[in-house]
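Reckoned from all heavy atoms, side chains included, excluding hydrogens, waters and symmetry mates.
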Amino acid sequence: MRDDGTGLDDGTGLDDRARLDNATGSDDGTGSDDGTRLDGRVAPFWPRRSPHFLQVRTALRGAVQRWRDEHGGNKHWADKHGTDERWAEEHGGAKFVIAVSGGPDSLALAAAAAAEKLPAHVVSIDHGLQDGSRAVSEGAIGQVGQWGLSGQVISVRVVGEPLEAAARHARYQALGDLAGDRPILLAHTGDDQAETLLLGLLRGKASAMGEVSDYQGHTLLRPLLGIRRAHTVGACRELGVAAWNDPHNTDEAFRRVAIRRQVLPLLDQIIGGDATAPLVRAAELLRQDDDYLHTLTPKLERSTAATEQCTEPATQPAEPSTQPATKPSTEPATQQPPALEIAELGPPPLARRAIAKFLQQHGARVSASTLEASIAFIHDWHGQGAVSVGNGLELARQAGKLVLLHSSLGDDSQPSASST
């Protein structure tokens, strides 16, 4: 089969090739003791019959193909990755980064990447929040190494509240620093999507994860949103992998866990069936609406200043001063903060989506109250002060723009989980 340079064989469709792989697995009596087949190829590491694993592989292949269709012709992206010799030397020429926790979702995703020959480097983030967390991360990297993938453990420091959002922010920051412009593959499933939708509604803002999204300038790719957690758990069972079960996933003090263990089972009882499936469909429709509405604001993307750091906060966020101009300063110019031109934001439905995306790109919190205050900056401006948006940032109106500044209050809180 021909390899087109993406790590995905394209000589046959996945279903046909997967059936071939499953039919010629290492248990078919044609392999040697060291796992090498009689035809010289390395035998697959998955069993002859693995329907759940096939679902994961199908989802991964489809998502990567859709991403390649959209970005494959981007010469800037291709040139940048084709000449990054240091990355190629350190990470074996990987074009994707996979985040692996050691749980069944991420291990199934990594295994699928190995089976599909996706050029990927695996990263496990050690948050240091539990005893033995480093050993869990090292065990996950050891497991993916058996499938032929390179990997490493990165330790991070979690600062701020709430804990779940703070850990997520630290994790994504570390993954982004390593990946650069390479897509980061995350193992969120349809079950995670349903939980995210309910959490967003309870915050007063319907939200859904996208298959492709942006976080502080880094591309997040979620290939498994169209399949269920049962498939990833089943895939690990088929592979004979003992996945790690995070104790936090049973702690109902976390809202997401409470929704998973209390609310969704109750909804199942109320409708007499699977409540997650229609929630996933609703989330997909919401995402499609959002994607379309974003296309109605083409100037917004060009006007977003994606700088690496914000300026010091202004003492009084306001419109342009009427005071006489002072003589030019000889000091170096201060780097401009990320900003949105108010005149380009459009009506409230478009403005809300534009502001939400802007805040997400810079790691700020997105909530119903934040968006309400942001719209007030535009349509009810009377000199009000800046609004805290988490992660030590605040949003203010200055000179006809919405600008993102370092908080004068020293706010160390982290962004919410509404879009991650």
Side-chain angles (χ1 to χ4, degrees), residues 52 55-56 59 99 101-109 125 127 129-133 136 158 160-172 186-210 213 222 224-237 242-287 356 365-371 390 413-420:
H52 290 295
Q55 289 287 332
V56 179
S101 65
D105 298 343
S106 58
L107 282 179
L109 176 60
I125 302 298
H127 302 88
L129 298 176
Q130 303 175 39
D131 292 338
S133 61
V136 170
V158 178
E161 296 291 341
L163 180 62
E164 184 180 17
R168 181 179 298 104
H169 178 70
R171 178 167 65 253
Y172 285 4
L186 304 174
H188 296 118
T189 66
D191 298 81
D192 297 306
Q193 180 75 290
E195 295 160 9
T196 296
L197 177 62
L198 290 176
L199 283 168
L201 290 171
L202 291 173
R203 296 187 184 103
K205 175 186 175 293
S207 58
M209 294 182 287
S213 61
R222 300 180 176 90
L224 307 185
L225 285 181
I227 67 173
R228 300 291 293 275
R229 189 172 291 137
H231 290 306
T232 61
V233 172
C236 287
R237 184 168 58 248
W244 174 63
N245 292 312
D246 186 348
H248 285 162
N249 287 336
T250 61
D251 186 352
E252 296 181 9
F254 294 105
R255 290 182 181 178
R256 181 178 291 272
V257 177
I259 285 177
R260 181 180 305 163
R261 294 169 65 89
Q262 297 182 33
V263 177
L264 283 169
L266 178 59
L267 291 177
D268 289 345
Q269 293 180 23
I270 291 173
I271 69 171
D274 178 18
T276 296
L279 289 171
V280 171
R281 288 196 295 271
E284 176 58 24
L285 292 175
L286 175 63
R287 175 54 56 184
R365 178 186 297 119
V366 179
S367 66
S369 58
T370 297
L371 294 179
S413 64
Q414 305 293 337
S416 73
S418 62
S419 64
T420 55

Asks: How long is the gap from CG on Asp191 to CZ on Arg228, to the nearest 0.5 Å?
Replies: 4.5 Å
Asks: Kindly compute the distance separating CG (Leu279) from CG (Leu286), expressed to the nearest 0.5 Å.
Replies: 12.0 Å
Asks: Write down the atom of Leu201, the atom of Ala206, and the distance for their closest heavy-atom approach.
Replies: CD2-CB, 3.7 Å
Asks: Answer whether the closest heavy-atom distance between the side chains of Gln130 and His248 falls below 4.5 Å.
Replies: yes
Asks: Does some side-chain heavy atom of His188 sit less than 4.5 Å from a side-chain heavy atom of Leu225?
Replies: yes
Asks: Are Trp244 and Leu107 packed together at the side-chain level, in the sense that at least one heavy-atom pair is separated by less than 4.5 angstrom?
Replies: no
Asks: Are the side chains of Asp268 and Asp274 in touch, meaning some heavy atoms are under 4.5 Å apart?
Replies: yes
Asks: Would you name the heavy atoms of Ala194 and Thr276 that are closest together and state the gap between them?
Replies: CB-CG2, 3.7 Å
Asks: Taking all heavy atoms of Ser101 and all of Val136, pick out the closest pair and write down the distance.
Replies: O-CG1, 3.7 Å
Asks: For the residue pair Val233 and Arg237, establish whether any side-chain heavy-atom pair is separated by less than 4.5 Å.
Replies: yes
Asks: Write down the atom of Leu197, the atom of Ala283, and the distance for their closest heavy-atom approach.
Replies: CD2-N, 4.1 Å
Asks: Taking the side chain as everything from C-beta on, heavy atoms only, tell me whether Asp192 gets closer than 4.5 Å to Arg260.
Replies: yes
Asks: Rounded to the nearest 0.5 Å, what separation is found between the CG atom of Asp105 and the NE2 atom of His231?
Replies: 12.0 Å
Asks: Atom CZ of Arg203 and atom CG of Leu371: how far apart are they, to the nearest 0.5 Å?
Replies: 12.0 Å
Asks: Specify the closest pair of heavy atoms between Val56 and Ala235, including all atoms of both residues, with the distance to one decimal.
Replies: CG2-CB, 4.2 Å
Asks: Is the count of non-hydrogen atoms from other residues, nucleotides or ligands lying under 6.0 Å from Asn245 atom CG greater than 12?
Replies: no
Asks: How about Arg256 and Asn249: do any of their side-chain heavy atoms sit closer than 4.5 Å?
Replies: no
Asks: So, taking the atom named CG in Leu199 and the one named NZ in Lys205, what distance separates them when rounded to the nearest 0.5 Å?
Replies: 12.0 Å
Asks: Could you pull out the closest heavy-atom pair between Pro265 and Ile259, with the gap in Å?
Replies: CD-O, 4.2 Å
Asks: Let me confirm one number: the CZ-CD1 distance from Arg171 to Ile125, rounded to the nearest 0.5 Å.
Replies: 8.0 Å
